[in-house]
Number of protein chains: 2
Amino acid sequence: MQTILSDFTKHLKAEGLRLTKERVHLLETICSFKGHFIADDILFAIKSRRKSGSRATLYRLLPVLVKASLIQQSLLYDGQTKYEVTWNKAHHDHLICSSCSMVIEFKHNTIEILQREIANKYGFILDRHVMELVGRCKDCRRKNDVSPRLC
Amino acid sequence: MQTILSDFTKHLKAEGLRLTKERVHLLETICSFKGHFIADDILFAIKSRRKSGSRATLYRLLPVLVKASLIQQSLLYDGQTKYEVTWNKAHHDHLICSSCSMVIEFKHNTIEILQREIANKYGFILDRHVMELVGRCKDCRRKNDVSPRLC
DNA sequence: CCACTATTGAGACGTAATCTCAATAATATA
DNA sequence: TATATTATTGAGATTACGTCTCAATAGTGG
Ligand SMILES: [Zn+2]
Ligand SMILES: [Zn+2]
Ligand SMILES: [Zn+2]
Ligand SMILES: [Zn+2]
């Protein structure tokens, strides 16, 4: 049976890296999050749990997990480095409300295909892509429409 | 006749901001760049030209220029904040080689339309989007294919 | 020209991320 | 198992990038 830990272990072996308890603690903490998170969320959580794992170790681990395709960077639109777990999860892109920060995950096969076509047209092999749609959701638009009347 | 400076002046007026020589120097420096640039490129160039304009003034100006649609943030995929001039330039997205950092600008109307459709479907009004395709170009693939033989 | 107010810039500050290096722990080998 | 080898850890220093402070300066409108 495949678990994120077994895949992680496999990846470490393949890369000549060691399976340490700090790395396991950090990965477990990361897996405890529901959606998107920042590095500091992990640091804070690992301290709460009184598990070993430091800032240096975390920042060394993050690119390893990305390379292993267990996590990825997401929501780059506002300059903050956010992550999400991608292990065993289908690819998706994001629609974000710039006012209330609500995030909607969506999948659009046609766009995925067109993106690959564009890459091919220019002689590229596509490895990944960032697609983030930024706008205002219905609720936030309503609120903004109202506020002028209040002033 | 419309120039970037006249549009800039207009925007400042509209926002109740003043046209200062530092802002003009910084904008001129920004316009001297061909493609994508980072804040430090501007700072370095303005020092070389021995024009007035400081770090604080630059970082205060950048969001103003973004709001005026004279520049925009681009190439977020690697975490660095890069800008490009958008004044008098059609919208485009980016295809990037992760190996040699070559950037190709492309325009794909169908995707633009589909993106708006997705936003509408979820009740959003789309303000902007980030779409960056990351892969490896033909040349870099060739180089990588060869290197194992050299070792 | 004056009065008013926005702007500037040197440097302090904040925050995210990386680096250093001695101590420690994981692994391979005997 | 014991030992040698080498990767890893973590506290704290350091860097990179960006923001803030505030006294001096400079636009602006009247
Ligand atoms: Zn996608
Ligand atoms: Zn997501
Ligand atoms: Zn586009
Ligand atoms: Zn561009």
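The sequence lines fix the lettering, A, B, ..., with proteins before strands; numbering per chain opens at 1. As a basis for the values below, the full set of heavy atoms in this structure was taken, side chains included, without hydrogen atoms, waters or symmetry mates. Everything numeric here is computed off the predicted structure, so don't read it as measured data.
In this entry the distance linking CG of B:Asp40 with C1' of D:dA16 reads 9 Å, nearest Å. In this structure, B:Lys82 places its NZ atom 11 Å from P of D:dC17, rounding to the nearest Å.
Classification of A:Glu22 and A:Arg60 as a salt-bridged pair fails, no side-chain N sitting under 4.0 Å from a carboxylate O. The pair A:Glu15-A:Lys67 counts as a salt bridge, with a side-chain nitrogen and a carboxylate oxygen less than 4.0 angstrom apart.
B:Val130 has its side chain out of reach of A:Leu76: every pair of non-hydrogen atoms, C-beta onward, lies at least 4.5 Å apart.
Scanning DNA chain C 5' to 3' for nucleotides with an atom closer than 4.0 angstrom to a non-hydrogen atom of chain B gives a first and last hit of C:dT5 to C:dA12.
Between the side chains of B:Gln80 and B:His36, no donor-acceptor pair of N or O atoms lies under 3.5 Å. In this structure, a donor-acceptor pair under 3.5 Å is absent between the side chains of A:His108 and B:Glu117. A donor-acceptor pair shorter than 3.5 Å can be found between the side chains of A:Ser54 and A:Thr57.
Considering all non-hydrogen atoms of both residues, B:Ala45 and B:Thr29 come closest at CB-CG2, 3.5 Å. Minimum heavy-atom separation, A:Ile4 to A:Cys31: CD1-SG, 3.7 Å. Heavy atoms only, all atoms of each residue included: B:Ile42 and B:Phe37 are closest at CD1-CE1, 3.7 Å.
A heavy atom closer than 4.0 Å to some atom of DNA chain D occurs in A:Leu17, A:Arg18, A:Thr20, A:Glu22, A:Arg23, these being the qualifying members of residues 11-26 of chain A.
In the hydrophobic cluster analysis, where Ile, Leu, Val, Met, Phe, Trp and Tyr join through side-chain heavy atoms closer than 4.5 angstrom, A:Val134 is grouped apart from A:Ile104.
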Task: Under the 3.5 Å Watson-Crick or G-U criterion, the dot-bracket string of DNA chain D, with | for inter-strand pairs - done: ||||||||||||||||||||||||||||||
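When each of B:Tyr59 and A:Arg60 is assigned the nucleotide of DNA chain D bearing its nearest heavy atom, the one mapping closer to the 5' terminus is A:Arg60.
Below the 3.5 angstrom threshold, one finds a donor paired with an acceptor across the side chain of B:Arg55 and the base of D:dT19.
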